[in-house]
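Structure record follows, encoded as structure tokens.
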There are 2 protein chains.
Amino acid sequence: MKLKEEIKSSGLKLTRHRQEIFRLLKESRQPVTAEQIYATLRERNISINLSTVYRILDSLSGSELISKINIGEDKKNHYEYNCMAHRHYLVCLCCNNIFSVGDCPLSDYEKQVAKQTDFVITGHKLNLYGYCSNCKDKAGQCH
Amino acid sequence: MKLKEEIKSSGLKLTRHRQEIFRLLKESRQPVTAEQIYATLRERNISINLSTVYRILDSLSGSELISKINIGEDKKNHYEYNCMAHRHYLVCLCCNNIFSVGDCPLSDYEKQVAKQTDFVITGHKLNLYGYCSNCKDKAGQCH
DNA sequence: CTACATGCAAACCGTTTGCACCCTA
DNA sequence: TAGGGTGCAAACGGTTTGCATGTAG
């Protein structure tokens with residue numbers, strides 16, 4: 001489905017800003033923050049307010065067009081196009097970029113923990129930390 | 001080692017407040033937030049300021065007596081006695097309490113992802129979500 | 001024309017910091 | 001008594017909100 005239809009069919013009004021943000025997320029290979037989106041749009045001479053960025057991210061998440069992810073290292077949220085797949089994240093401790101990983105080794109483990117703890121387990125989050133291929137050689141010099 | 005010695009031997013001055021907070025964490029079966037610590041101390045008629053709680057949590061973490069954990073669901077940090085073991089967390093979506101889990105199934109997976117992505121992986125965080133044994137029956141009624 | 005989108009400024013909430021005073025070692 | 005610990009109030013940073021105006025359908 002085309003970008004515009006995706007937005008419309010989720011019941012949201014089609015706005016210049018919504019299109020730009022949704023496109024940006026759809027084309028980005030990595031989850032990004034509200035600030036990053038804001039900065040990118042302004043570089044492209046698209047005038048927008050930060051709170052509008054947040055509101056748009058909210059409405060797109062509400063319609064499940066994108067997902068909000070909470071890595072928790074810094075306090076900033078990240079957002080990515082919602083491909084409807086279960087994902088894990090790879091966080092670079094040097095450049096702070098986040099990469100998505102598709103496969104998941106955990107279904108057996110969930111069952112095992114459920115048994116041990118008497119929890120009903122409904123999901124999980126797994127983040128891996130390290131140094132990406134760009135940063136691995138300068139690991140010592142990072143923040 | 002006794003509580004007081006643990007604090008002293010890490011180079012920190014021994015204070016009423018530090019003792020109380022460290023003891024509270026050591027005795028708690030669950031990771032807790034700064035606010036929870038603050039509230040508990042005041043219930044016990046120990047007068048303290050929230051910023052002091054944060055400062056003590058900072059210094060205890062700095063000395064590795066406790067660890068700071070960043071679950072990321074709410075934006076609050078949690079703290080727990082540092083048992084020096086690698087841990088994962090079980091978060092109850094109803095009462096928001098956090099439980100620690102000891103065992104970890106991920107070392108093979110780390111190697112596999114490292115190969116696929118050309119990352120140097122240094123660690124990971126795994127959180128499981130669900131309903132604890134107290135809450136599992138009222139899952140529908142939670143926030 | 002109406003309901004939702006937006007800009008702006010102010011509020012929010014968890015956490016941190018500056019400064020004056022206090023107390024442990 | 002010196003240097004770290006503490007209370008208080010104010011700052012901080014990411015995010016949210018109230019209100020007046022703008023715009024898509």
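These numbers come from the heavy atoms of this one structure, side chains and all, not from hydrogens, waters or symmetry mates. We name chains A, B, ... by the order of the sequence lines, and we start the count at 1 in each one.
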Is a side-chain donor or acceptor of [X] paired with a backbone partner of [Y] at a separation under 3.5 angstrom?
X: A:Asn82; Y: A:Glu64; value: yes
X: A:Asn77; Y: A:Lys68; value: no
X: B:His86; Y: B:Gly123; value: no
X: A:Thr122; Y: B:Tyr129; value: yes
X: A:Glu110; Y: A:Ser107; value: no
X: B:Ser28; Y: B:Gln30; value: yes

What is the distance, to the nearest angstrom, from the [atom1] atom on [X] to the [atom2] atom on [N]?
X: A:Gln36; N: D:dT15; atom1: CD; atom2: P; result: 11 Å
X: A:Leu41; N: C:dT6; atom1: CG; atom2: C1'; result: 14 Å
X: B:Lys4; N: C:dT24; atom1: NZ; atom2: P; result: 12 Å
X: B:Leu57; N: C:dG14; atom1: CG; atom2: P; result: 15 Å
X: A:Ile46; N: C:dG7; atom1: CD1; atom2: P; result: 12 Å
X: B:Ile56; N: C:dT24; atom1: CD1; atom2: C1'; result: 13 Å
X: B:Asp74; N: C:dC12; atom1: CG; atom2: C1'; result: 15 Å
X: B:Leu60; N: D:dG4; atom1: CG; atom2: P; result: 17 Å

If you link I, L, V, M, F, W and Y whenever their side-chain heavy atoms are under 4.5 Å apart, who else ends up in the same group as A:Leu24? A:Leu3, A:Ile7, A:Leu12, A:Leu14, A:Ile21, A:Phe22, A:Leu25, A:Val32, A:Ile37, A:Tyr38, A:Leu41, A:Ile46, A:Ile48, A:Leu50, A:Val53, A:Tyr54, A:Ile56, A:Leu57, A:Leu60, A:Leu65, A:Ile66, A:Tyr79, A:Tyr81
Check which hydrophobic residues are tied to A:Phe99 through side-chain heavy-atom contacts below 4.5 Å, counting indirect links as well, and list them. A:Leu90, A:Val101, A:Leu106, A:Tyr109, A:Val113, A:Phe119, A:Ile121, A:Leu126, A:Leu128, B:Leu90, B:Phe99, B:Val101, B:Leu106, B:Tyr109, B:Val113, B:Phe119, B:Ile121, B:Leu126, B:Leu128
Please name all residues satisfying salt bridge (charged side-chain N to carboxylate O under 4.0 Å, His left out) with [X], sequence neighbours left out, ordered by chain then number.
X: A:Lys26; answer: A:Glu6
X: A:Arg16; answer: A:Glu20
X: A:Asp118; answer: B:Lys136
X: A:Arg55; answer: none

Students should find that the end-to-end axis angle of the helix from C:dC1-D:dG25 to C:dA25-D:dT1, with five pairs defining each axis and rounding to 10 degrees, is 30°
Could you work out, with side-chain hydrogen bond (donor to acceptor under 3.5 Å, both in side chains) as the rule, every residue matching B:Ser59, not counting sequence neighbours? B:Arg18
For D:dC8, take OP1 and OP2 only and decide whether either is under 4.0 Å from a side-chain N or O of B:Asn49. yes
Near-strand residues of residues 6-22 of chain A, defined as heavy-atom separation under 4.0 angstrom from DNA chain D: A:Lys13, A:Leu14
Using a strict heavy-atom distance below 4.0 Å, which residues from residues 24-32 of chain A are in contact with DNA chain D? none
Keeping to residues at least two apart or across chains, list the salt bridge (Lys or Arg N to Asp or Glu O under 4.0 Å) pairs with something in residues 81-97 of chain A. A:Glu80-A:Arg87
Taking only N/O atoms, report every protein-nucleotides 16-18 of chain C pair under 3.5 Å with atom names and distance.
{"unit_1": "C:dG18", "atom_1": "O6", "unit_2": "B:Arg55", "atom_2": "NH1", "d": "3.1"}
{"unit_1": "C:dG18", "atom_1": "O6", "unit_2": "B:Arg55", "atom_2": "NH2", "d": "3.2"}

